[in-house]
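In listed order, ligands and their atoms are each counted from 1. Treat the numbers as computed from the prediction; the structure is a model and nothing was measured.
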Amino acid sequence: MTEQLYLTLNNQLQIPQVGLGVYQINGDAATERAVSAALKLGYRHIDTAHAYQNERGVGQAIKHSGLDREEVWITSKLWPSDYGRTVTPEAIDKMLARLQTDYLDLLLLHQQIGDYLGAWQAMEEAVRAGKVRAIGLSNFDGPRLDAVLAQATIKPAVMQVELHPYYQQQALKEKLAPYGTRLESWYPLGHGDRQLIAEPVFTQLAAKYNKSNVQIILRWHLQKGHIVFPKTTNPQHMADNLAVFDFKLTPAEMAAIDALDKHQRYFTMPLAEQETAFANFRPAD
Ligand SMILES: NC(=O)c1ccc[n+]([C@@H]2O[C@H](COP(=O)([O-])OP(=O)(O)OC[C@H]3O[C@@H](n4cnc5c(N)ncnc54)[C@H](OP(=O)(O)O)[C@@H]3O)[C@@H](O)[C@H]2O)c1
């Protein structure tokens with residue numbers, strides 16, 4: 001079984017730096033199969049969300065794994081339909097029930113719309129009540145991020161955003177550095193974009209280290225200090241994505257990958273459109 005590497009968050013909790021993301025794994029049965037396979041391979045960190053509609057599958061897999069609850073890091077995310085000082089507490093309790101656990105390791109606000117300030121307050125209370133160990137944000141930037149940072153008595157432990165070699169988020173990193181907020185990468189492999197994965201620099205380094213191009217990308221993320229949870233249901237890919245702790249890129253090789261930054265996102269929906277699109281979606285309980 002592969003050794004995990006742990007990072008320390010700004011509240012001193014230790015998070016496994018590599019996890020499995022379960023976005024677009026459809027349904028609880030498929031999710032339970034994928035998470036069970038991952039846990040057998042040594043994964044100890046699962047990233048899900050209410051909006052993925054597969055938290056029950058995550059909970060089942062962990063329950064049947066034979067592992068103690070404390071051995072597995074569970075992250076989930078609240079959808080804006082559950083934001084608000086009065087509605088968020090009940091949403092957290094329902095989430096815990098779906099996941100068959102009495103605490104979350106990390107709870108995030110999934111999107112920067114709706115009553116996110118009320119929801120943040122409720123998440124802080126959930127930390128004090130022992131229902132959540134760490135709280136953070138996803139997809140926040142600009143004035144809405146500033147508003148949370150100004151109000152927060154518990155500063156975000158993580159910020160989960162689109163982050164990969166074509167979109168490296170340097171400005172956000174600098175902004176969050178004073179808070180000790182770690183960056184979590186979504187689309188760490190560009191959502192599987194073949195052009196990104198086939199970049200010649202990855203092919204050259206893959207040959208040098210006897211690794212795949214994807215493993216070179218993941219290794220770059222790890223050395224940048226990013227938390228990653230590439231998504232796959234393919235057992236070989238799952239194993240490969242965890243086999244990234246036995247080699248190290250040199251500073252020059254890291255710089256060559258840094259030079260790929262095009263400040264180019266894959267997800268480009270403007271905030272005004274997100275307001276409508278996300279407000280119209282309400283995940284089932
Ligand atoms: N907070 C947010 O708003 C947000 C948004 C998007 C995603 N996320 C999180 O980030 C996670 C990862 O994002 P993502 O799944 O969209 O993108 P991703 O991890 O960048 O890419 C997934 C794609 O990469 C392929 N892949 C994975 N491992 C591979 C390997 N070893 N070799 C070759 N191909 C490989 C997968 O194909 P195969 O299935 O064939 O392996 C899949 O097509 C999600 O599951 C979710 O937890 C969060």
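Of all the heavy atoms of Gln236, none lies under 4.0 Å from any atom of ligand 1, so neither backbone nor side chain is involved. By the criterion of a heavy-atom distance under 4.0 Å, neither the backbone nor the side chain of Val161 is placed next to ligand 1. Residue contacts with ligand 1, taken as heavy atom pairs separated by less than 4.0 Å, involve Pro188 via backbone and side-chain atoms alike.
Counting atoms of ligand 1 from 1 in the listed order, those under 4.0 Å from a heavy atom of Pro230 are 19 (O). Atoms of ligand 1 lying under 4.0 Å from any heavy atom of Gly190, numbered from 1 in the order shown and given with element: 20 (O). Annotation for ligand 1: atoms under 4.0 Å from non-hydrogen atoms of Gly21 are 45 (O), 47 (O). Short contacts between ligand 1 and Asn139, defined as distances under 4.0 Å to a heavy atom of the residue, involve ligand atoms 1 (N), 2 (C), 3 (O). Residue Asp47 has at least one heavy-atom neighbour below 4.0 Å for each of these atoms of ligand 1: 9 (C), 46 (C), 47 (O). Taking every non-hydrogen atom of Gln160 and a distance limit under 4.0 Å, the qualifying atoms of ligand 1 come out as 1 (N), 2 (C), 4 (C), 8 (N), 9 (C), 48 (C).
Regarding atom 24 (O) of ligand 1, its nearest protein heavy-atom neighbour is Gly192 CA, 3.6 Å. In terms of protein heavy atoms, atom 38 (P) of ligand 1 is closest to Thr232 OG1, 3.5 Å. Protein heavy atom at the shortest distance from atom 13 (O) of ligand 1 is Tyr187 N, 3.5 Å. If you check which protein heavy atom lies closest to atom 35 (C) of ligand 1, you get His237 ND1, 3.6 Å. Summary of contacts: the protein heavy atom closest to atom 16 (O) of ligand 1 is His191 ND1, 2.7 Å. The protein non-hydrogen atom at the shortest distance from atom 12 (C) of ligand 1 is Phe229 O, 3.4 Å. Closest to atom 5 (C) of ligand 1 among all protein heavy atoms lies Trp186 CD2, 3.2 Å.
Taking distance alone, with nitrogen or oxygen atoms compared against 3.5 Å, Lys231 approaches ligand 1 more closely than that limit. Between Leu189 and ligand 1, a contact under 3.5 Å exists for at least one N or O pair. Of the N or O atoms in Asn241, one or more lie within a sub-3.5 Å distance of an N or O in ligand 1. Residue Ser185 has no nitrogen or oxygen atom sitting less than 3.5 Å from a nitrogen or oxygen atom of ligand 1, judged on distance alone. The distance criterion of under 3.5 Å between nitrogen or oxygen atoms is not met by Gln111 with respect to ligand 1. Polar contact check, Tyr23 against ligand 1: a nitrogen or oxygen pair lies under 3.5 Å apart. Checking only distances, Gln24 never comes within under 3.5 Å of ligand 1, N or O to N or O.
For Gln121 and Glu125, the side-chain atoms include no donor-acceptor pair closer than 3.5 Å. Tyr209 and Gln215 are not linked by any side-chain donor-acceptor pair at a separation below 3.5 angstrom, with hydrogens and angles left out of the test.
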Q: Dump the intermediate steps for side-chain contact (heavy atoms from CB on, under 4.5 Å) on Gln24 and Thr233, then the final yes or no.
A: CA-CA 10 Å; Gln24 292 178 332; Thr233 50; over 6 Å; no
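Here the CG-CE distance, from Asp285 to Met95, works out to 10.5 Å after rounding to the nearest 0.5 Å. To the nearest 0.5 Å, the span separating CZ on Arg219 from CD1 on Ile217 amounts to 14.5 Å.
Contact analysis puts Tyr52 in contact with ligand 1, with a non-hydrogen atom separation below 4.0 angstrom.
The pair Asp105-Arg44 does not count as a salt bridge, with every side-chain nitrogen at least 4.0 angstrom from each carboxylate oxygen. Using a cut-off of 4.0 Å between Lys/Arg side-chain N and Asp/Glu carboxylate O, Arg98 and Asp28 are scored as not salt-bridged. Using a 4.0 Å cut-off between charged nitrogen and carboxylate oxygen, Asp47 and Lys231 do not count as a salt-bridge pair.
Of the candidates Trp186, Tyr187, Trp220, Trp220 is the only one forming a ring pair (Phe, Tyr, Trp, His ring centres under 6.0 Å) with His226.
In this pair, Phe140 and Tyr116 present their aromatic rings perpendicular. The plane angle is above 60°, beyond the 30 to 60° band. Ring orientation note: the planes of His164 and Tyr166 are nearly perpendicular, at an angle over 60° on the 30°/60° scale. The aromatic rings of Tyr52 and His110 stand perpendicular to each other, their planes meeting at an angle above 60°, with 30° marking the opposite boundary.
Geometrically, Arg69 engages Tyr103 in a cation-pi contact, judged by NZ or CZ lying under 6.0 Å from the ring centre and within 45° of the ring axis.
Checked by atom type and distance alone, the side chain of Gln169 pairs as donor or acceptor with a backbone atom of Glu162 at under 3.5 Å.
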